[in-house]
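Contents: one structure, followed by commentary.
Chain naming here is simple, since letters A, B, ... match the order of the sequence lines and numbering starts at 1 in each. Predicted, not measured: the structure shown is a model, and the values here were computed from it.
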Amino acid sequence: MLKYVLRKLVALIPKLLAISLILFVMMDLLPGDPLTRAMNPDTYGQLTEELKEQYREAMGLNKPLPVRYLNWLGNILKGDFGWSTSTKQNIGNMLAGRFPYTVELSLMSVVIGSFLGILFGYIASIFKNTIIDYGLTLCSVIGVSVPNFFFGIVFLLAFAVKLKWLPTGGRMEVGGATDFFHRFKFMILPIMTQSIGLIAALMRYTRSTMLDVLNRDYIKTARSKGLREATVNFKHGFRNAMIPVMTIVCMRIPMIVGGSVVVESVFNYPGTGQMSLTALTAGDIPVVMVTTMVSAAFTLAASTIVDIVTAMLDPRIRME
Amino acid sequence: MNRKQGRSSLTKRSLDKFFKNRMAVVGAIFVILFVGACIFAPLITPYDPTRLVPPDRELPPSAEHWLGTDRVGRDIFARILYGGRMSILIGVSSAIGATALGTIFGCIAGFFGGKVDRVLVTIQEFVSIFPSTLLIMLIVPFVGRSVPMMIFIFIITSWGAPMRIIRGRILSLKEEPFIESCRANGISGMSIMFHHMMPNTLGPVIVNASLNVAGFILSEAGLSYIGLGVPETVPTWGNIINAAKRLDIIQNTPMLWVAPGVAIGVFVLAINFFGDGLRDALDPTTR
């Protein structure tokens, strides 16, 4: 198992490097003086041509492409992603302020969404062809068919505007307590909106995979051995049904990360999605590029974790 | 002659199976209704979805304006019909494109195997980690917002699923005795690929494509909602909801977001039922 985890982690490195290379080449192709992105735009504005040239030389911006890439990569590892022209801040600092919010939202949506989706799917398969099954299936079909931001607007109206149980948006109370439970109040509606698609999709998928697995011969064997129904369903059925289901979780992660832009927009949630949208309106393309690439790297990391969890369930994958 | 008969009876069996599935038939009817209503929109509504009529601002639903009008006096019902044209067009053409690209790469990967396979699978895995919403954000500043750009991004980000399906099918088909007998009979690789393997992979791919149409319509709506989709001048289901972003509009003009939201929901639901029916009908193991 340890060997498998290590191999998975090593396999991440070339992919991360590829992401960074794409980002670097795109940034390099942007029109304009690269120096504006390498230093604070305010300072840049005060420089004379001569000084600018000296800075370029000192920062290695005149060097050949591979050298510049390595320099740039070194800066990134130190947290220096270059400067934003619209906010006059280092993009690394901007990300440090926003990225944790998006990660928190995405991870909780994936975890809660997977848990509920798999649970409901399991229940539906156990109570196959009963009213419980039909009710859950109907909900899941509606869940995958209606755009999630539509649910977001409905939740906003119902729970925040009409019932006033939860805040309409934002991330924390101004001047209020910032501990997890106070902040969590602001995350309930975004998480609900964000995870609905995942819950619905996983419910459908878990149900059909469970039914498929429960038809297998080894389940009949387990039953005829006289094992309890719950043991058969859970230990023999569920565990085997989980393997293809985890693949779906993995495939959905990019959708969750990308979808957070929409959900953040509905609830005015100050994550990277909002940050990119604002930057986009201001024509600040480097911010959008960096955010996209960091999100892709995050997606990659999250998918790797799901892969490892899948391997824990399935000894065959570990052996490969 | 015999082969033809065999084929038509298989088609007939699939059709029979499909028509026995009530939800699938209802889904198909709804899909046809929606597509028909959107295509023949000018016959159904006299209003122009883009014409601005200042005196008719924010009218409630009435006999003239079935769903009322928006903030600039455009008829919402007309906008939903005309908007459906673009939404469905985007969904269908992206699904066709993604399926075609995925089929080509899946066939190549599965048929040649070895290094070619590994390279293609690696590329697919790499491309699949980029969320389409974020890619669109990256491209919009350079090429602007347009329908072809959106379709292009959807295709680029979703050819992976059909590719994996086809690749998996071809890898297992390769071991089947009937393919071996083709080889033994000296049938060329290309012919085996296109005449003997491809037809056996199409079922799941068609199902995937039909469900993709639904997925793309949802993505378009989300992107247009945050203002990254199709230009505002072109009505789409997502663009109509885009107008309902402020809380006061959400509360005062509910038709602006409820109506297109329900239109999307019902259409996508219909496609999902249709796709599920198709899956059961095309899958020889279910009866």
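Interface summary for chain B: among A:V146, A:V261, A:I142, the most heavy-atom pairs under 4.5 angstrom belong to A:V261. Contacts with chain A were tallied for B:F273, B:F142, B:F126; B:F126 has the most, counting heavy-atom pairs under 4.5 Å. Heavy-atom pairs under 4.5 Å with chain A peak, among B:V258, B:I271, B:T157, B:L135, at B:V258. Most heavy-atom pairs under 4.5 Å with chain B, from the set A:A296, A:S303, A:G197, A:A160: that is A:A296.
With a 4.5 Å cut-off on non-hydrogen atoms, B:F267 does not touch chain A at all. With a threshold of 4.5 angstrom between heavy atoms, B:S132 does not approach chain A through any atom at all. Contacts between A:L157 and chain B at a heavy-atom distance below 4.5 Å involve the side chain alone, from C-beta outward. Contact of B:A214 with chain A is not made at all, since no heavy-atom distance falls under 4.5 Å. Proximity to chain B (any heavy atom under 4.5 Å) is shown, for A:M255, by neither the backbone nor the side chain.
The ring pair (Phe, Tyr, Trp, His ring centres under 6.0 Å) search around B:Y225 returns A:F149, not counting sequence neighbours. Applying the ring pair (Phe, Tyr, Trp, His ring centres under 6.0 Å) test to B:F30 and every residue at least two apart in sequence or in another chain returns nothing.
Within a 6.0 Å radius of CE in A:M251, no more than 12 heavy atoms belonging to other residues, nucleotides or ligands are found. Heavy-atom neighbours of A:L29 CG from other residues, nucleotides or ligands within 6.0 Å: above the threshold of 12. The 12-atom threshold is exceeded at CE of A:M192, counting heavy atoms of other residues, nucleotides or ligands nearer than 6.0 Å.
A donor-acceptor pair under 3.5 Å is formed between the side chain of A:K164 and the backbone N or O of A:V161.
Side chains of A:T193 and A:N148: a donor-acceptor N/O pair is absent below 3.5 angstrom, by distance only. A side-chain donor-acceptor contact under 3.5 Å links B:E220 and B:S224. A donor-acceptor pair shorter than 3.5 Å can be found between the side chains of A:D133 and A:T137. Using a 3.5 Å distance cut-off with no hydrogens or angles, the side chains of A:S84 and A:T87 do pair a donor with an acceptor.
Ionic pairing of B:R167 and B:D117 is present here: one or more N-O contacts between side-chain nitrogen and carboxylate oxygen are shorter than 4.0 angstrom.
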For side-chain hydrogen bond (donor to acceptor under 3.5 Å, both in side chains), just list the numbers for A:S260 and A:T102, CA-CA rounded to whole Å, side-chain angles, deciding distance to a tenth of an Å, and then say yes or no. CA-CA 7 Å; A:S260 73; A:T102 300; 5.1 Å; no
Please test A:M246 against A:C250 for side chain to side chain contact (heavy atoms under 4.5 Å, CB included), starting from the C-alpha separation and ending with a verdict. CA-CA 6 Å; A:M246 291 311 273; A:C250 213; over 6 Å; no
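Scanning residues 228-241 of chain B against chain A with a 4.5 Å heavy-atom cutoff picks out B:L228, B:I241, ordered by number. For residues 8-21 of chain A, the interface with chain B (any heavy-atom pair closer than 4.5 Å) comprises A:K15, A:A18, A:I19, sorted by residue number.
Ring orientation note: the planes of B:W159 and B:F105 are tilted relative to one another, at an angle of 30° to 60°.
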